[in-house]
Amino acid sequence: MFRNLVIWAMVLMTFCFAVPFACGQAKIVDAEGHQWWQHAVFYEIYPRSFADSNNDGIGDLKGITSKMDYLKDLGVDAIWMTPCYPSPQIDFGYDVSDYENIDPMYGTLKDFDRLEADGQKRGIQIIMDFVMNHSSDQHQWFIDSRSSRTSTHRNWYVWHDGKGPGQPPNNWQSTFGHSAWTLDPKTNQYYYHYFYPEQPDLNWRNPAVEKAMFDVTRWWYDRGVAGFRLDAVDTLFEDPDLRDNPILPGKNKFGDPNMEDKYNVKLPEVHEVLRDLRKVADQHNAVLIGETWTKDVSELKQYYGEHSNELQMPMDFLFTTVNKVSAPEFRRQIAAVDSAGGWPVYVLSNHDIVRSYNRYGDGQHNDAIAKLMAGLYLSLRGTPIMYYGEEIGMENNDPKRKEDVKDPIGKIGWPQEKGRDGERTPMQWTSDANAGFTQGTPWLPVPPSYKTHNVANEQQDPNSILQFYRHLLALRHQNRALLDGDYVPLNENDPDVLSYLRRYKDQSVLVVLNMSSQARTIDLDLASKGINSKKAQTLLTTMGNEGKERTLPQMSLEPFSVYIGELSK
Ligand code: NOJ
Ligand code: CA
């Protein structure tokens with residue numbers, strides 16, 4: 001009897017190692033205990049803009065599913081979809097009116113299941129966006145909440161009396177402009193919204209809210225999602241005493257006084273919620289990615305949690321604040337992130353940030369710089385999150401006139417703030433009309449660059465940005481040093497060339513990035529790292545006439561070039 005039990009236990013353990021998602025264990029991918037998301041390449045999709053299957057001008061889930069082979073071939077392991085739940089679309093999905101469904105404009109739950117299944121077939125995980133700070137004002141919870149002061153859901157949102165006639169409870173401002181309080185005449189109280197008035201903040205001090213929201217995550221885990229990107233985590237809690245925020249000198253882009261969000265952002269209670277959310281995630285082998293804006297890297301530690309029990313993947317946005325190609329600046333950021341103690345998560349851009357092609361491009365070498373930036377963040381220790389279209393060199397297409405703006409902040413803040421339409425334009429698939437995104441009228445116009453920068457053309461061109469991404473991602477997936485090796489900076493005083501090793505046991509991969517518009521010849525200081533290699537085997541480079549081997553330590557580099565090579569032992 002005992003022997004049978006032992007045999008059964010062994011069978012079960014073997015099965016669980018092979019099928020870890022089914023057995024409630026983390027999906028470990030190697031002997032050193034790395035989890036699947038540490039070796040994965042994530043890709044953010046803005047569903048409205050990826051692929052339109054029914055030609056209504058708006059991207060949809062069937063469209064995404066139809067591009068699954070493209071994503072697989074590119075080297076993507078997980079897609080994060082920005083919200084596609086039912087929504088009045090005031091903030092294009094970040095105003096959710098039902099957390100457990102799909103907006104008809106994007107499809108149905110059946111379409112979602114198909115997308116999920118098609119992803120699974122190719123080893124692509126699906127990550128949903130969890131808009132946890134606020135719902136839409138059209139959510140049933142808020143409709144009930146505002147109906148009377150004694151309604152069941154009244155305390156699910158943040159309601160207060162004004163300070164006096166016509167005066168909100170305090171001076172807090174919405175990050176989307178003007179007061180964060182809106183008076184609701186029906187019950188003559190103000191409700192709080194850190195974002196648009198149509199996005200009332202949920203009251204996370206109410207346990208019923210926490211339970212309902214945690215159940216939402218369980219519901220999607222049961223449907224097969226592999227994790228969540230947590231929206232606006234810093235804004236979950238507000239000071240119960242409603243103290244006024246300190247006013248700072250000057251005005252912001254909405255014409256409001258500058259303010260330190262001292263009493264309504266980053267309250268410590270956030271971390272209790274993150275820890276509890278992580279417990280639920282762990283029961284489902286899921287990964288939590290955070291929208292974690294920090295002033296410096298040391299702050300990121302808090303989101304990993306003291307015992308690594310909060311977010312596995314708090315995003316490091318600091319690259320997005322470096323708006324020029326600068327070796328010293330990137331060197332500084334990488335060193336800080338790499339030593340912060342957690343697994344780094346690198347981001348160049350997203351649906352809220354001007355595209356990297358524009359931020360780093362100098363107008364003359366834009367394509368070379370796009371490859372250079374890929375060479376940088378896709379060769380570092382950590383998990384990258386790409387933004388759709390980055391791999392083909394998509395650029396911003398900002399509205400030229402106020403009347404063309406779709407994103408409300410562009411209307412409120414025009415002309416200083418043009419909104420985020422520019423970085424959300426349709427994916428450029430072909431050089432046909434509307435970049436092959438739709439046969440209807442696209443919800444946002446494609447930039448003229450679609451004629452040259454599109455998937456079809458770039459698939460034919462061996463020197464395209466797309467081909468560089470494909471090769472780099474393929475290399476990254478199979479090279480142990482690039483996956484797990486330590487980051488070892490080289491030549492740390494060079495003002496133009498960023499170089500480093502990725503070192504795993506006795507294997508070393510050399511990465512050299514010329515961040516200047518001039519050709520450069522450098523002497524790599526490998527000796528101080530105990531390396532005597534006289535040769536590197538070229539793995540990938542943007543320098544056309546490159547042989548298979550390079551002699552070290554001297555190295556000549558073309559302007560804005562990338563060299564990646566394996567050092568001979
Ligand atoms: C962050 C999202 O990325 C942004 O697009 C949205 O407007 C706000 N959170 C509010 O949900
Ligand atoms: Ca559509």
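All values reported here derive from a predicted model rather than from experimental measurement. Read the numbers this way: they start at 1 and go in the same order the structure lists the ligands and their atoms.
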request  = Give a yes/no on ligand 1: does F176 have at least one heavy atom closer than 4.0 angstrom to it?
outcome  = yes

ask   = Can you tell me if CD on Q439 sees more than 12 non-hydrogen neighbours from other groups inside 6.0 Å?
value = no

key: Residue D60 atom name (nearest to the Ca ion (ligand 2); N/O/S)   = OD2

query = Would you call the rings of Y221 and H284 parallel, tilted or perpendicular if under 30° counts as parallel and over 60° as perpendicular?
reply = parallel

ask   = Is the distance from the Ca ion (ligand 2) to the nearest N/O/S atom of I58 under 3.0 Å?
value = yes

query = So, is the end of the R332 side chain (NZ or CZ) under 6.0 Å from the ring centre of F319 and within 45° of the ring's axis?
reply = no

Ring centers of W159, F142 separated by less than 6.0 Å = yes

ask   = Can you list the atoms of ligand 1 that are under 4.0 Å from a heavy atom of D352?
value = 1 (C), 2 (C), 3 (O), 4 (C), 5 (O)

ask   = With the Ca ion (ligand 2) as the point of reference, which N/O/S atom of D52 is the closest?
value = OD1

request  = Answer yes or no for R229: is there a heavy-atom contact with ligand 1 below 4.0 Å?
outcome  = yes

key: Quiz item: cation-pi between K411 and W414, 6.0 Å / 45°   = no

query = So W172 and W181, would you call those rings parallel, tilted or perpendicular, with 30° and 60° as cut-offs?
reply = parallel

request  = Measure up the H453 and Y357 rings against each other and bin them: parallel (under 30°), tilted (30 to 60°), perpendicular (over 60°).
outcome  = perpendicular

query = Heavy atom under 4.0 Å from ligand 1: found in R424's side chain, backbone, both, or neither?
reply = side chain

key: Of the N, O or S atoms in D56, the one nearest the Ca ion (ligand 2)   = OD1

message = On a heavy-atom basis, I'd like to know which of Y46, F195, F92 is closest to atom 8 (C) of ligand 1.
response = F195

